[in-house]
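Throughout, protein chains are lettered first and strands after them, A, B, ... in sequence-line order, and every chain is numbered starting at 1.
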There are 2 protein chains.
Amino acid sequence: MKERPVTLQRRLLLDILREAQGHLDARELYRRAVEKDPRISMATVYRNLHLFKELGLVDERRLNKVYCYYEIKRSTEHYHLVCQGCGRVIEFESPAVTKVIDEVKRNSDFDITRAVLYLEGYCRMCKEKVEN
Amino acid sequence: MKERPVTLQRRLLLDILREAQGHLDARELYRRAVEKDPRISMATVYRNLHLFKELGLVDERRLNKVYCYYEIKRSTEHYHLVCQGCGRVIEFESPAVTKVIDEVKRNSDFDITRAVLYLEGYCRMCKEKVEN
DNA sequence: TTAAGTGCAAAGGCTTTGCAGCATA
DNA sequence: TATGCTGCAAAGCCTTTGCACTTAA
């Protein structure tokens, strides 16, 4: 494996991602990073997000938005629920997804490496707003 | 409902989408449209894709790519399998997905309007290439 | 006739890249 | 010291928008 220097910027970005405990987009990650290191640049954010992804440290998710969300990879697989009203993103786990994957594996010649699932809808608050 | 003139461009774009029987991105849709009408512009493609989406005629899918795929809406729900080797996109249906949705509905306060699921992996051909 | 759509070109928004200087190992 | 990273600014891409002209109804 190639040597990768541990720079201050990398440490900072990973710390923020870990602290965030959830999906951040590049812009938000940058915003938080600048608070601690005003000299950090957007290019560094993007370059390191790509690196982290390559190293398997973070997951990149495109929740039907223009930009991506990034989050520290965790041991348990989880999926997302996106509220179309307020944009809130909620995570959930679902053993039933495994069944879907198995079903597809049986019926196709694909080697499945990743399942991307997200559900769109309205959370309780936004649902009520729409009804009134 | 608002009056919507049926323009030549709209007819052409819908025809292409219908013929395609699957996911096209804006660029490819434009490429095919230009063959029949060299004067059509990319702006028209985008404007009409938005319109079709709004009218519920097409579905917009972001299969973890920079751009979106568009496809004519069909009666049966289906999902996508994307090969990370060659980029091929294969559609599949899965009743098991319904179970996942029901599960989430029961466990959350969300009103779910749409499920986005796609699986990534390697098709048989690409799998073999990787192994050799 | 007239409201709506189209083409063109320019601008937007997110992301990538070239390059010179800087930092890690 | 040498390879690799950073900041900056410019460029790339996909998508949207302003405006004058054209078209469907």
Side-chain angles (χ1 to χ4, degrees), chain A residues 1-17 20 23-71 82 87 89, chain B residues 1-17 20 23-71 82 87 89:
Chain A
M1 206 168 196
K2 218 185 268 177
E3 281 294 316
R4 295 290 198 181
V6 177
T7 64
L8 291 171
Q9 291 88 336
R10 281 185 189 154
R11 225 192 311 259
L12 173 59
L13 292 173
L14 273 178
D15 281 351
I16 293 171
L17 283 165
H23 33 271
L24 292 180
D25 57 45
R27 196 196 202 76
E28 177 62 19
L29 177 55
Y30 172 71
R31 210 187 55 67
R32 297 191 191 186
V34 162
E35 285 179 12
K36 305 246 173 132
D37 173 3
R39 287 189 44 77
I40 201 168
S41 75
M42 203 62 180
T44 297
V45 170
Y46 277 111
R47 278 192 281 236
N48 283 315
L49 281 173
H50 286 196
L51 174 66
F52 298 158
K53 189 179 145 198
E54 196 186 309
L55 295 176
L57 292 173
V58 306
D59 267 335
E60 181 190 65
R61 319 231 176 213
R62 198 180 275 285
L63 303 177
N64 230 32
K65 296 266 162 50
V66 180
Y67 42 80
C68 294
Y69 280 118
Y70 296 88
E71 57 185 44
V82 183
V89 178
Chain B
M1 206 171 197
K2 216 186 268 178
E3 283 293 317
R4 295 290 197 179
V6 177
T7 64
L8 292 171
Q9 292 87 336
R10 279 183 191 157
R11 223 189 314 256
L12 173 59
L13 292 173
L14 272 179
D15 281 350
I16 294 171
L17 283 166
H23 34 270
L24 292 180
D25 57 46
R27 195 193 203 81
E28 176 63 20
L29 177 55
Y30 172 70
R31 209 186 56 67
R32 298 191 190 186
V34 162
E35 285 178 13
K36 306 247 173 131
D37 174 2
R39 287 190 43 75
I40 201 169
S41 73
M42 200 64 178
T44 297
V45 170
Y46 277 110
R47 278 191 282 237
N48 282 316
L49 280 173
H50 286 195
L51 174 66
F52 298 158
K53 190 178 144 199
E54 195 186 310
L55 296 175
L57 292 173
V58 306
D59 267 334
E60 181 190 65
R61 318 232 178 213
R62 197 180 276 282
L63 302 177
N64 230 32
K65 295 264 163 46
V66 179
Y67 41 79
C68 293
Y69 280 117
Y70 296 87
E71 57 185 44
V82 184
V89 179

For Leu49(A) and dC5(D), what is the distance between atoms CG and P respectively, to the nearest whole Å? 15 Å
Drop me the distance from Ile16(A)'s CD1 to Glu28(A)'s CD, to the nearest 0.5 angstrom. 9.5 Å
Under 4.0 Å between a side-chain N/O of Arg47(A) and OP1 or OP2 of dT16(C), yes or no? no
Can you tell me how far P of dA4(C) sits from CG of Leu55(B), to the nearest Å? 14 Å
For the pair made of CZ in Arg62(B) and P in dC14(C), what is the distance, rounded to whole Å? 12 Å
Residue whose nearest DNA chain D nucleotide is more 5′ - Ala43(B) or Val6(B): Ala43(B)
dC22(C) P sits how many Å from Leu8(A) CG, rounded? 16 Å
Could you give the CG-to-C1' distance, from Leu12(A) to dA23(C), as a whole number of Å? 16 Å
Counterpart residues, side-chain contact (heavy atoms from CB on, under 4.5 Å), relative to Leu51(B) (two or more places apart): Arg4(B), Arg10(B), Asn48(B), Leu55(B)
Going from CZ on Arg11(B) to CG on Leu13(B), what distance comes out if it is rounded to the nearest 0.5 angstrom? 12.0 Å
Taking the side chain as every heavy atom from C-beta outward, state whether Thr44(A) and Thr7(A) have any atom pair closer than 4.5 Å. no
For dT3(D) and Arg4(A) - does any side-chain N or O of the residue sit under 4.0 Å from the phosphate oxygens OP1/OP2? no
Residues in side-chain contact (heavy atoms from CB on, under 4.5 Å) contact with Lys53(B), at least two apart in sequence or another chain: Val58(B), Glu60(B)
Does the pair Glu35(A)/Arg32(A) count as a salt bridge with the N-to-O cut at 4.0 Å? no
Does a side-chain N or O of Gln9(A) approach OP1 or OP2 of dA23(C) to a distance below 4.0 Å, or not? no
Would you kindly give the CD-to-P distance between Glu60(B) and dC14(D), to the nearest whole Å? 16 Å
d(CE, Met42(B); P, dG18(D)) in whole Å: 19 Å
Please tell me if Thr7(A) has a side-chain N or O lying less than 4.0 Å from either OP1 or OP2 of dT6(D). yes
Which whole-number value in Å describes the distance from Glu54(A) CD to dT16(C) C1'? 15 Å
Under a 4.0 Å heavy-atom cutoff, the residues of residues 27-39 of chain B touching DNA chain C are Arg39(B)
Residue Ser41(B), side-chain atoms from C-beta onward, closest of dT24(C), dA24(D), dG7(C): dG7(C)
Does the side chain of Tyr69(A) reach to within under 4.5 Å of the side chain of Asp25(A), using non-hydrogen atoms? yes
Please check the phosphate of dG7(D) (OP1 and OP2 only) for any side-chain N or O of Thr44(A) closer than 4.0 Å. yes
